[in-house]
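One structure is given here, and the rest of the page talks about it.
The chains referred to below are lettered A, B, ... by the order of the sequence lines, with proteins before strands, and numbering in each begins at 1.
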There are 2 protein chains.
Amino acid sequence: MKDVAAAAGVALKTVSRVVNDEPGVNPATAERVVAAIAQLGYRRNESARVLRRGRTATIGLVIEDVADPFYSGMSRAVEDVALRHGSLVLSGSSGEDPLRERELVLTFCARRVDGLIIVPAGTDHDYLLPELDAGIAAVFADRPGGLEADTVICDNAGGAHAGVAHLIRHGHRRIAFLGDSASIFTASERLRGYRRALAEAGLPANESLIAMGPADRAGAALCAMLAAADPPTAVFTGNGRITVAALRTGHRPALVGFDDFELADVLTPGVTVVAQAPDGLGRTAAEMLFRRMSGEPGPAERIQLPTRLIPRGSGEIPPP
Amino acid sequence: MKDVAAAAGVALKTVSRVVNDEPGVNPATAERVVAAIAQLGYRRNESARVLRRGRTATIGLVIEDVADPFYSGMSRAVEDVALRHGSLVLSGSSGEDPLRERELVLTFCARRVDGLIIVPAGTDHDYLLPELDAGIAAVFADRPGGLEADTVICDNAGGAHAGVAHLIRHGHRRIAFLGDSASIFTASERLRGYRRALAEAGLPANESLIAMGPADRAGAALCAMLAAADPPTAVFTGNGRITVAALRTGHRPALVGFDDFELADVLTPGVTVVAQAPDGLGRTAAEMLFRRMSGEPGPAERIQLPTRLIPRGSGEIPPP
DNA sequence: GGACCGGATGACAACGTTGTCCAGGGGCCC
DNA sequence: GGGCCCCTGGACAACGTTGTCATCCGGTCC
């Protein structure tokens, strides 16, 4: 910028004014500056700008794994909203590890991001308090975090309830639930919806038909259930990865899965799912974050997004 | 930092030394400083550090679309390599728009990223030259860019050749090619492999069996071909999205697709694919970038990754 | 004609960090 | 005991930008 000023024969500050479209610069002078900028290939140093102004025009996004289609869809939505607000996105995958989540968040804070969107891996977020006090906005997405802050989640219990009720409506009375580890909020909420649907239909909750754990063990769990003396006639799977694991077993009981996924309609039969919109989640969380960043006051909000049951065949198979 | 120095009763510079693990600080003094840091909840301001040192410990990643599983897999691999090198990743989706690509790259450069990994949307990268001169390292991934720079791509022509030869070996003589727009490097390379395989088998290249264009039109193109007087008995699809579009038509000719995808093995029949490893691509590109960033000299390299044919059933269907 | 005003421009400090250089003090060697 | 060096710590400038305030000039109003 110094060089540009010299080349245009003006003061540093005048160049700064031109670069920032500040008023009060003679058009002729501005033109000279613009020419000098073009000739020297000058580009503003954002680090210095950030240092001076305190705003980075960057938000941090901590998700579980970018490679998971659910989170990559969400990422894209966040990115789009950030773009509209002139911000960039620093993102990182926590891999469901609370320590890694914390490390990522603190690194982002050291970079002075203006705001954070976090898919919490852990439940303790006290480490965030000093940052929030320091004025960094934060929104929890997909799951609630360990403190009062804006949160965007989907209707996990309601969605699971709808899916299980759908199976019950088609005549099933022995419905298995394959869910993620019970310690994960979404998993326990969905289990709650499952139990409520059974209870409302007056069906007994049979614990041997419930398996919670990582997706890579869901297939084995399903096989074991189906091989047991009194096998389930239908299965409700608690997330997209588990649905896929269940499909991969080769067994084809009646099935409704939480989360839509590509090719669900191409399989035979098509896979009935309870769909939540990852892009809606990302967009809503990002928009709320930018509202907070622009100073919107008020207590922490908790937004719940609806789910949608999409019948495609697998959930309409009657019991044998 | 000033406050920390005051609290610990030492000079600014001493705090800096402690924070950066520089030698030459009395352990007792250091401990006092550490205590003051903890008490005040101090965290280093990275912006100022970047401004002073010139290195941001950040790399920029420009891909086509994070929501595409291929690119999200690649993203994750880049992120992991960056993590190992203590760097963060700024990423953005170009959406196959050269202008947006350029804008993203220049924004990243203004943020003074240390290096760039770019999946080129356009073919003209002259805008990068000043940045390269300024010392920013850049690696093109998935496709070559419009200038001499390190490049990591997969063996597109060879992979397509292998896939088509596989169909020929199973007796097919009328094989359609559904590819992305011919202006996209990977698409034209794969088409080249297709033509070479036909030529080597002494088969005529029938232009009416070749359709190039965006994935959302591939389904209609396939239907049209199959409805024609002399339909193809097999199809080679030029990327994952097109494979899915073809499957969605409901027609099930013999098929080999470029790119592996989740559930390819669950469909009936399983979908035979030519797999390239998105994570290998990301990892290789990132590792090369970090080598360059650490000063490795030498001319621009071009690394080509192999592909792998995975027979699953759809590619082994004989002609009717 | 002088006071005043507003637009255009510039000088300067400050943001928070780190690199460079210097100073003081204590130990060691001759 | 003097000279020297090492260890520790501090003062200061610089990174590139922007906010604040001052200056200057031409024009306007009374």
- With sequence neighbours excluded, tell me which residues meet side chain to side chain contact (heavy atoms under 4.5 Å, CB included) with A:Glu31. none
- Would you mind listing every ring pair (Phe, Tyr, Trp, His ring centres under 6.0 Å) that reaches into residues 78-107 of chain B, with sequence neighbours excluded? B:His85-B:Phe290
- Output yes when B:Glu96 and B:Arg143 qualify as a salt bridge under the 4.0 Å nitrogen-oxygen rule, no when they do not. yes
- Message: A quick test of your reading: do over 12 heavy atoms of other residues, nucleotides or ligands sit less than 6.0 Å from CD of B:Gln304?
- Response: yes
- Residues pairing under ring pair (Phe, Tyr, Trp, His ring centres under 6.0 Å) where one sits in residues 101-131 of chain A, two or more places apart or in two chains, turn out to be A:His125-A:Tyr127, A:His125-A:Phe140
- Item | Relative orientation of the end axes in the helix from C:dG1-D:dC30 to C:dC30-D:dG1, expressed as an angle to the nearest 10° (five pairs per end) | 50°
- Task: Go through the steps for B:Arg84 and B:Asp80 under the test salt bridge (Lys or Arg N to Asp or Glu O under 4.0 Å), then give the verdict.
- Result: CA-CA 6 Å; B:Arg84 277 209 303 280; B:Asp80 288 345; over 6 Å; no
- Item | N/O donor-acceptor pair under 3.5 Å between B:Ser93 side chain and B:Val66 backbone | yes
- Query: Under 3.5 Å, side chain of B:Glu131 to main-chain N/O of B:Cys109, donor-acceptor pair present?
  - Reply: no
- Indicate, with a heavy-atom threshold strictly under 4.0 Å, whether B:Val50 touches base, sugar-phosphate, or nothing. nothing
- Tell me: CG of A:Asn26 to P of C:dG7, nearest whole Å? 13 Å
Between the protein and nucleotides 16-18 of chain D, which nitrogen or oxygen pairs are less than 3.5 angstrom apart?
from, atom 1, to, atom 2, distance (Å)
D:dT17, OP1, A:Tyr42, OH, 2.5
D:dT17, OP1, A:Asn45, N, 3.0
D:dT17, OP2, A:Met1, N, 3.4
D:dT18, OP1, A:Asn20, OD1, 3.1
D:dT18, OP1, A:Asn20, ND2, 3.1
D:dT18, OP1, A:Arg49, NE, 2.9
D:dT18, OP2, A:Ser16, OG, 2.8
D:dT18, OP2, A:Asn20, ND2, 3.0
D:dT18, O2, A:Arg52, NE, 2.9
D:dT18, O2, A:Arg52, NH2, 3.0

- Message: Looking at A:Ala8, is its backbone amide N or carbonyl O close enough to the side chain of A:Arg32 to form a donor-acceptor pair, meaning the two atoms are under 3.5 Å apart?
- Response: yes
- Message: Does A:Ser47 reach a base, just sugar-phosphate, or nothing at all? Heavy atoms under 4.0 Å.
- Response: nothing
- Message: Below the 4.0 Å mark, does C:dT9 have OP1 or OP2 next to a side-chain nitrogen or oxygen of A:Thr14?
- Response: no
- Message: Please give me the minimum heavy-atom distance between A:Arg55 and A:Val50, naming the atom from each residue.
- Response: O-CG2, 3.6 Å
All N/O pairs under 3.5 Å across the protein-nucleotides 23-27 of chain D interface:
none

